[in-house]
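Each ligand, and each atom within it, is numbered from 1 in the order the structure gives.
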Amino acid sequence: MSQTKSLKDLKRPDLFQQKGCIAEEWVDAASGKTFDVYDPATLDKLATIPEMGREDTDKAIRAAHDAFQSYKKTTARQRARWLRKWSDLCHEHIDDLALILCLENGKTLTEAKGEVIYSASFLEWFSGEAERIHGEVVPSSNLNQRILTFKQPLGVAACLAPWNFPIAMITRKVGAALAAGCTTVWKPAGETPLSALAQAVLAQEAGFPKGSINVITTLNTVAEVGQALCESKLVRKLSFTGSTRVGQILASQCSHSLKKLSLELGGNSPFIVFDDAKLETAIEAAIAGKFRNSGQTCVTANRIFVQEGIYDKFTEALSQKIKTLKVGKGTEEGVVIGPLTHERAVEKAMTHINDAKKHGGQVILGGSPYKGEHKGYFLEPTIISGMSKEAITTREETFAPVVALYKFKTEEEVIDLANDCDVGLGSFVITESMPRMWRVAEALEVGMVGINVGVLSAAESPFGGVKGSGYGREGGRQGIEEYLTVKSMLINVTN
Ligand code: SIN
């Protein structure tokens, strides 16, 4: 068995926390219950974490609410400095953060380092945005009045992060919230709480005041914690990244308190390769768009539509490239595809593959669980093509390294196919034609379009979707607005 890095290699062992965090105290669950976190590559136990419930959540909300009373009065410059310092600390401790992330999520160390840099980029971005929160002077229709607006933080923000990008999705939400002047309660995913806990250590080190950062850990009591956050009148904002089904539950639970919501939910991204594409660009983008985080991104290229003139060449070149991608544990040298994070993920992917076969699909590569040196959740990188559009792969995210290929004839046809979908998050268009790029980008019912690229992520670019992919935007100029409310002031100027 190969020797690879483990938690013993952390240079800062205190970044490995096994407790929740309320008002700067590292705490156990009130119930004393715990759950275990496992390495999805080896199934070895990594940590034992508090299984928190409603009582702990209420305490965290109360701590954040108390802290808000003074935090909302801090200057934007001060908040910007704390964010910048936190970002610097992420860079300083990149090796440790990446190792923790790699072990609990399964992604490769190289990808994990990329995610740490991505995570820090949100802190840098929002440190700039903090000082650009502006109101406006509005021309009044009444000569005796002046009108102006200013923006204020909403209050306590609950930030619910997913397991696929546990370190970057925390800062995408929390960075915006803290920049706006909100205090926060974080709820990392039960599969991957360690990255968020490490980030909480660094955020505190950066100087954020007591109670502005609180972390609730939960796996089996997640519904109870979610409900407590949704129903609390003290929580004024909830941001969630995850499935459409859970997003719908949270939205309905938030309806009583009418809190502001951002929901970044499931996707089913079309990846469209036109005949006029450069083959090299198409392959590079498809590999990045499909195999990033072993296919577990909500903008993953889920349906790859290829025009008939380039279909055979594209399929051949893609399978040659995929054959070179090494599968294994993320800490091992040269590995490009790690395990899937979730214990049911391989089973789900196999259901999709078998269903595609029933609908006429042909497995061109892979198609089975990957049997290697480790006993974790591995799947062979797979290409399946030729299934009818009734196959599950057309309607649902597979969230695995499975390429589902579909052939199309015309631009109109592929736009209809791409839009025939209940969700609309990411999309990718590979073409050398500028007019086509505009036409297709405008016609797709999605929140984001990548042209000749396979990754849509940038702190400065708004991220979010339409239809069942939810609402609100994260990152970009828009990201901070989600945590602010506009107040207008009408002034009588007569004596
Ligand atoms: C996600 O999969 O939820 C986020 C991916 C990204 O930010 O690139």
Side-chain angles (χ1 to χ4, degrees), residues 90 101 105-108 110-126 159-176 186-189 191-192 195-196 199 239-247 250 261-271 285-302 338 340-342 345 396-402 423-428 446-451 453-476 478-479 482:
C90 291
L101 171 57
N105 166 281
K107 66 180 63 182
T108 65
T110 311
E111 273 202 62
K113 281 189 188 165
E115 188 182 332
V116 175
I117 293 167
Y118 186 37
S119 173
S121 75
F122 288 108
L123 303 174
E124 268 177 82
W125 172 256
F126 286 118
C159 301
L160 282 58
W163 49 259
N164 61 345
F165 288 87
I167 213 155
M169 296 305 100
I170 274 292
T171 54
R172 180 148 90 186
K173 297 174 193 304
V174 172
W186 313 4
K187 206 282 305 153
E191 294 79 2
T192 57
S195 301
Q199 279 292 32
S239 173
F240 169 71
T241 297
S243 70
T244 300
R245 188 186 62 80
V246 174
L250 296 176
L261 273 175
S262 308
L263 297 173
E264 197 258 271
L265 308 177
N268 184 353
S269 301
F271 182 102
I287 294 289
K290 182 72 250 181
F291 293 101
R292 179 170 171 238
N293 197 20
S294 303
Q296 304 172 109
T297 75
C298 49
V299 287
T300 194
N302 201 56
L340 298 176
T341 310
H342 209 278
E396 267 184 38
E397 291 178 289
T398 305
F399 239 58
V402 176
V423 293
L425 190 62
S427 66
F428 303 89
V446 294
M448 296 167 283
V449 188
I451 309 289
V453 294
V455 176
L456 296 163
S457 323
E460 59 280 17
S461 178
F463 195 104
V466 297
K467 303 203 268 191
S469 294
Y471 39 78
R473 291 294 178 267
E474 296 193 286
Q478 294 78 359
E482 302 281 338

Subject >> Nearest non-hydrogen partners of Q199 and T171, listed with the distance >> reply: NE2-CG2, 3.8 Å
Original post:
Hey, does the side chain of S469 reach the backbone of L265 with a donor-acceptor pair shorter than 3.5 angstrom?
Top reply: no
Original post:
Distance-only, no hydrogens or angles: does the E474 side chain make a donor-acceptor pair with backbone N or O of F463 under 3.5 Å?
Top reply: no
**OP:** State whether R292 and E111 are salt-bridged, where the test is any N-O pair (Lys NZ or Arg NE/NH1/NH2 against Asp/Glu carboxylate O) under 4.0 Å.
**Re:** no
For ligand 1, list every N/O pair with the protein closer than 3.5 Å, one pair per line with the distance.
| residue | atom | partner | partner atom | Å |
| --- | --- | --- | --- | --- |
| ligand 1 | 2 (O) | N164 | ND2 | 3.2 |
| ligand 1 | 2 (O) | C298 | N | 2.8 |
| ligand 1 | 3 (O) | E264 | OE1 | 3.3 |
| ligand 1 | 7 (O) | Y118 | OH | 2.7 |
| ligand 1 | 7 (O) | R172 | NH1 | 3.0 |
| ligand 1 | 8 (O) | R292 | NH1 | 3.0 |
| ligand 1 | 8 (O) | R292 | NH2 | 2.9 |
| ligand 1 | 8 (O) | S457 | OG | 2.3 |

Subject >> Side-chain donor or acceptor of E482 paired with backbone N/O of R473 under 3.5 Å >> reply: yes
Original post:
Parallel, tilted or perpendicular for H342 and W163, by the 30°/60° rule?
Top reply: tilted
